[in-house]
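This is a predicted model, so every value here is computed, not measured. Whatever order the structure lists ligands and atoms in, that order sets their numbers, starting from 1.
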Amino acid sequence: MKQFISVNDVTNINALVEKALMYKANPFADKHLGANKRIGLLFLNPSLRTRLSTQVAAGNLGMEAIVFNVDKEGWALEFEEGAIMSGTTVEHIKDAAPILGKYFDVLAIRTFPSLANKEDDYSELYINQFIKYAGVPVVSLESATLHPLQSLTDVITIQENSKSQIRNSKLKIVLTWAPHVKPLPQCVANSFAQWINAWGEADFVIAHPQDYELSEAFTKGAIIIHNQDEALKNADYVYVKNWSTFNDYGKIYENDPKWMLTNEKLHITNNAKVMHCLPVRRNVELSDEILDGPNSLVTQQAGNRVWAAQAVLSEILKSK
Ligand code: CP
């Protein structure tokens, strides 16, 4: 694996999932693979799970991980080619990234969308500029449009909770929009849709209010329903996530609390397991009764972030 930006960098999803589960059973199986290698974890936005799980994963492989909060500790970076840098940016990515490539064997980057300009965000300028200029493999820790380490984790978590069912019949997985107090990126939803479609082991339904369509580039293949109760019928997994509007970009149109998942709605499902990438706004996006109840997978899911990151770093180290 030369980079990890989306599902398109993975040749065999099930093999990568198996590798992650192998590391879960034996975290130090490849403890020498990353010896004398260094990964730089660059954050332009906050993180709890991604930052710490990737550090742990690198450590399990014997790699040194150095975290740099670019947004708080670094010079303000310019990403536009040909920019006249007379404003607030101090250092161009074409100067900074090659230096980072000298310090690190692998670079991992988190950068959120602006939610102000769809074309800019969906061009993935920031992460693409790192790829262009760093000269070392780049791993996405969440980009403007996708969150592949989260999605790999999600597939791992579904796989380990339903091995026999996958063999016997197709799963039904529902991605449902949920209310939130502020506009959030589409990354997690886009990425989950892209991975579940590529995985191909489930009937995949996306439920959201009118006008919350996601980009077809990621959802194509899923059934889209605007009635949440109808979508939830016989679901085996319900993935809950808010996202802001895609077409009229980055807005909140409605925040109907009826879209928050409750135990009553869970009765419509096939006793579905409930997933969320976290952080979650309790009793806005998801009810306490679900998050603290027996159907919630959120802690297991977040724990699996380590094994997803370890499997990806292992693949990258082996191909270096
Ligand atoms: N799910 C996730 O990416 O969490 P963090 O933002 O805390 O890394």
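Looking at Asp236, its side chain never comes within 3.5 Å of a backbone N or O of Leu171 through a donor-acceptor pair.
Looking at Glu142 and Asn45, their side chains never come closer than 4.5 Å, going by heavy atoms from C-beta outward. Side-chain contact between Ile252 and His180: absent, with no pair of heavy atoms (C-beta onward) separated by less than 4.5 Å.
For the pair Arg51 and ligand 1, the shortest N or O to N or O distance does not fall below 3.5 Å. Ligand 1 has a nitrogen or oxygen under 3.5 angstrom from a nitrogen or oxygen of Leu48.
Near Cys277, the atoms of ligand 1 lying under 4.0 angstrom from a non-hydrogen atom of the residue are 1 (N). Of all atoms in ligand 1, listed by their number and element, those nearer than 4.0 Å to a heavy atom of Gln150 are 1 (N), 2 (C). Heavy-atom proximity to Arg305, at under 4.0 Å, picks out these atoms of ligand 1: 1 (N), 2 (C), 3 (O).
The CZ atom of Phe4 lies 6.5 Å from the CG atom of Leu16; values are rounded to the nearest 0.5 Å.
Protein heavy atom closest to atom 4 (O) of ligand 1, with residue, atom name and distance, is Arg49 NE, 2.9 Å. Of the protein's non-hydrogen atoms, Arg110 NH1, 2.8 Å is the one closest to atom 6 (O) of ligand 1. Annotation: atom 3 (O) of ligand 1 to nearest protein heavy atom, His147 NE2, 2.8 Å.
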Between Ser215 and Tyr122, does a side chain to side chain donor-acceptor pair (under 3.5 Å) hold up when you go through it step by step? CA-CA 10 Å; Ser215 164; Tyr122 275 70; 5.8 Å; no
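Of all the heavy atoms of Leu278, the ones lying under 4.0 Å from any atom of ligand 1 belong exclusively to the backbone.
A donor-acceptor contact closer than 3.5 angstrom is absent between the side chains of Asn197 and Lys220.
The aromatic rings of Tyr212 and Trp177 lie tilted to each other, with the angle between the two planes from 30° to 60°.
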